[in-house]
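Take a look at the structure below.
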Protein chains: 2
Amino acid sequence: MTGTDFASLPAPPYFAVVFSSQRREGDQAAYDEASARMLALAAAQPGYLGVESARGADGFGITVSYWASEQAIQGWRRHAEHTLARERGRRDWYRHFEVRVARVERAYGGAEGSA
Amino acid sequence: MTGTDFASLPAPPYFAVVFSSQRREGDQAAYDEASARMLALAAAQPGYLGVESARGADGFGITVSYWASEQAIQGWRRHAEHTLARERGRRDWYRHFEVRVARVERAYGGAEGSA
């Protein structure tokens, strides 16, 4: 995962897929390569809006991808290479994960001297 | 932030507040203390369902809190001590942050030998 940047998103409504996961140990190079590949593939999908991701030293991570519509999420879910990567994730990379699909209703940001 | 655990949530629909932030450097002890205090306060609010949080070594983090209703989110937002902590966050702790409030429509999980 790179994803150290904030996603630039349009005004709501749009959709979010919140993916929380606990990594298993090991296999880091293969995982990093597959993660980068999935981020690049996702970014090329119709309706993709952006992604943000963080993972702590304890291996617990949250990745939120943003999409223009439910159809865009379904399209990415059916993507053949993504489907294979999800199967590998279940088997090799994640001890556990949770997915929540949500409709973003409002959004705001701040800081950088905004106090 | 502790938050290395998955939140145990009811069946959707419910609401999520996705808080993405880039930490400024320094002030870690005060930040950790305030974070723990806010997590404890949030957990005592009506309509609180759970929280998940991850922050990488680069200081970029995502915290997702889950709530039973929009009213529960508004109640927590108006909480006096939380309001003060948000002001301190804007001023001292975060270089930048983004908040997205979303309605979770569906959810699923897996792994741990589920392949």
Side-chain angles (χ1 to χ4, degrees), chain A residues 1-9 12-24 50-64 66 70 73 86-115, chain B residues 1-9 12-24 50-64 66 70 73 86-115:
Chain A
M1 287 289 160
T2 56
T4 61
D5 292 317
F6 291 93
S8 288
L9 301 174
Y14 47 80
F15 292 83
V17 179
V18 182
F19 177 75
S20 303
S21 62
Q22 179 64 52
R23 275 275 285 138
R24 297 183 193 280
V51 70
E52 294 176 352
S53 191
R55 187 174 303 279
D58 57 6
F60 187 84
I62 300 175
T63 297
V64 189
Y66 292 100
E70 283 271 16
I73 293 171
R86 286 203 310 280
E87 287 169 8
R88 190 159 178 201
R90 285 175 183 264
R91 191 181 63 225
D92 295 341
W93 292 325
Y94 299 120
R95 191 174 308 285
H96 187 78
F97 67 85
E98 297 288 344
V99 179
R100 285 101 180 191
V101 181
R103 177 186 154 99
V104 176
E105 307 285 355
R106 60 183 196 278
Y108 56 94
E112 205 90 70
S114 68
Chain B
M1 289 288 158
T2 55
T4 60
D5 293 317
F6 292 92
S8 287
L9 301 173
Y14 47 81
F15 292 83
V17 179
V18 181
F19 177 75
S20 303
S21 63
Q22 179 64 51
R23 275 275 283 137
R24 296 184 193 278
V51 69
E52 294 175 353
S53 190
R55 188 173 303 279
D58 57 5
F60 187 84
I62 301 175
T63 297
V64 189
Y66 292 99
E70 282 271 17
I73 293 171
R86 288 203 308 279
E87 288 169 7
R88 187 155 180 206
R90 283 175 183 266
R91 191 181 64 225
D92 295 340
W93 292 326
Y94 300 120
R95 190 173 309 285
H96 187 78
F97 66 84
E98 298 289 343
V99 179
R100 286 102 180 191
V101 181
R103 177 186 152 98
V104 176
E105 306 286 356
R106 61 183 195 279
Y108 56 94
E112 205 90 70
S114 69

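Below, chain A is the first sequence line, B the second, and so on; all start at residue 1.
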(request) Below 4.5 Å from any heavy atom of chain B, which atoms of Phe15(A) appear? Answer side chain, backbone, both or neither. (result) neither
(message) Restricting to non-hydrogen atoms, name the atom on Ala54(A) and the atom on Gly56(B) that form the minimum distance, rounded to 0.1 Å.
(response) CB-N, 4.3 Å
(request) Would you mind checking which part of Val99(B) comes under 4.5 Å of any heavy atom in chain A, side chain (CB onward), backbone (N, CA, C, O), both or neither? (result) both
(message) Rounded at 0.5 Å granularity, tell me how far CG in Asp58(A) sits from CZ in Arg55(B).
(response) 12.5 Å
(message) Distance check, rounded to the nearest 0.5 Å: Tyr66(B) atom OH versus Arg100(A) atom CZ?
(response) 4.0 Å
(message) Give me the atom names and distance for the closest heavy-atom approach of Val104(A) to Ala102(B).
(response) CA-CB, 3.7 Å
(message) If you compare all heavy atoms of Ile73(B) against all heavy atoms of Arg106(A), which two are closest, and at what distance to 0.1 Å?
(response) CG2-NH2, 4.0 Å
(message) For the CZ atom of Phe60(A) and the CD atom of Glu52(B), what is their distance to the nearest 0.5 Å?
(response) 4.0 Å
(request) Count the heavy-atom pairs under 4.5 Å between each of Glu98(A), His96(A), Glu105(A) and chain B, then report the option with the highest count. (result) His96(A)
